[in-house]
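Inspection log for the structure reproduced underneath, given as structure tokens.
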Amino acid sequence: MPELAEVEYYRRQWDVGWGEKILGLQINPGSRNFRDCDTGVLERYLPNSKLRCSEAHGKRMLFQFSGNLWMGVHLGMTGELSVGGPDDTSGKHEHLILFQKKRSLIYKDPRQFGAIRFHRGSDPPAWWSGLPPSILSRDFTRDLLREFLTRRKKSPIKAVLLMQERFPGIGNWLADEILWRARIRPACPAGKIAGIKLTHLFQNIKGVCADAMRIIAPDWGEPPENWLFLHRWRDNGICPKTKKPLVRETIGGRTTCWSPAWQRWPKESD
DNA sequence: CCCCATGTTCGACA
DNA sequence: GTGTCGAACATGGG
């Protein structure tokens, strides 16, 4: 489910527990979500610490607890964070529950593609340092985009936009939305995008991410009808721009929805 | 039963 | 070494 705006939405769900003590926790023992985590250490140190704050970066989140404790959370394909009552117990898909006096903080992930990590130390963990510039930060520049597209020049632009090392937080639907707005065919080799087309792409990467954050992050608002989003999974979907049929095609190993009448190959003159 | 799914990693291969 | 591609992970929904 989650791409950058949904991740930010889920991160905020646990804000209600900031400053309050973790009284105990429950871990789903066989869960694959803890493959990068020593659950014994987590069980030993987290009780009696307080949830301090959290931040998100792309699809990753970091929760900080008192006592120099840090928990990394990735939601994979089907992960969710939510809040339950203080006496909630875990079902089949609740892999981690943190109990506070008035509530429980719940991590649920049916497919278990997500991951939980844990770290002790006065500094943030190594796996949180050295992340690429956030798309919405000033450090994410047109030059950085151009350099990356040149390096991946033969790959379809759709596949390139999914690379978290340069586009942290972009997932399948955001990538399609961006290419649709920029009027670029998803199969276009990344190296062919230059000049004004590159500028359009850059602006729409920033623009779509900013709009998604504004609409989805606060309360899971639904994007408007004039986005590709609501049409992409409908049978016989219609492009909101041209009113002509959308198509679905596997590009870069992922199902891609695009509008042949609207999205074009870049011209040599661009 | 079949196919599909908003993600990432790993091994095979060019 | 570099880059690309499919399979695998585990589960549920249509």
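Heavy-atom basis, side chains included; hydrogens, waters and symmetry copies ignored. Here is the naming used below: chain letters follow the sequence lines, and residue numbers restart at 1 for every chain.
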Does the side chain of A:H93 get closer than 4.0 angstrom to OP1 or OP2 of C:dA10 through an N or O atom? no
Between NZ of A:K108 and C1' of C:dG12 the distance, given in whole Å, is 11 Å
Closest to the side chain of A:R151, out of C:dC9, B:dG7, C:dG3, is C:dG3
Looking at A:D88 and A:R103, is there a salt bridge between them, counting it only when a charged N and a carboxylate O are closer than 4.0 Å? no
From CH2 of A:W127 across to C1' of B:dT8 the rounded distance in Å is 16 Å
note: A:R35, atom CZ; C:dA10, atom C1'; distance rounded to Å ~ 11 Å
A:Q112 CD to B:dT9 P, in whole Å, measures 17 Å
Answer yes or no: does a side-chain N or O of A:K154 lie under 4.0 Å from OP1 or OP2 of C:dT2? no
| task | Could you tell me whether the side chain of A:H57 reaches within less than 4.5 Å of the side chain of A:L62, counting heavy atoms only? | result | no
Does A:T255 make a side-chain N or O approach to OP1 or OP2 of B:dA5 shorter than 4.0 Å?
yes
When rounded to whole Å, the CD to C1' distance for the pair A:E249 and B:dC4 reads 17 Å
For the side chain of A:R185 and the backbone of A:Q263, is there at least one donor-acceptor N/O pair under 3.5 Å apart? yes
Rounded to whole Å, the CG-P distance (A:D176 to B:dA5) equals 11 Å
Check for me: is A:F113 stacked on B:dT8 by the 5.5 Å centroid and 30° plane-angle rule?
no
Next item on the list: Determine the interplanar angle of the A:W127 and A:H119 rings, folded into 0 to 90°, and report it as parallel if under 30°, tilted if 30 to 60°, perpendicular if over 60°.
Entry: perpendicular
- Query: Touch check for A:G253, heavy atoms < 4.0 angstrom, all strands: base, sugar-phosphate only, or nothing?
  - Reply: nothing
Open item on the list: Between A:H74 and B:dT8, is there a contact of a side-chain N or O with OP1 or OP2 at under 4.0 Å?
Closed with: yes
Closest to the side chain of A:R111, out of B:dA5, B:dG7, C:dG12, is B:dA5
When rounded to whole Å, the CZ to C1' distance for the pair A:R117 and B:dT9 reads 13 Å
Do the side-chain N or O atoms of A:K92 get closer than 4.0 angstrom to the phosphate oxygens (OP1, OP2) of C:dG12? yes
Are the aromatic rings of A:W70 and A:F65 close, with centres under 6.0 Å apart? no
When both distances are under 3.5 Å in a Watson-Crick or G-U wobble arrangement, the nucleotide paired with C:dA10 is none
note: A:R254, atom CZ; C:dG6, atom P; distance rounded to Å ~ 13 Å
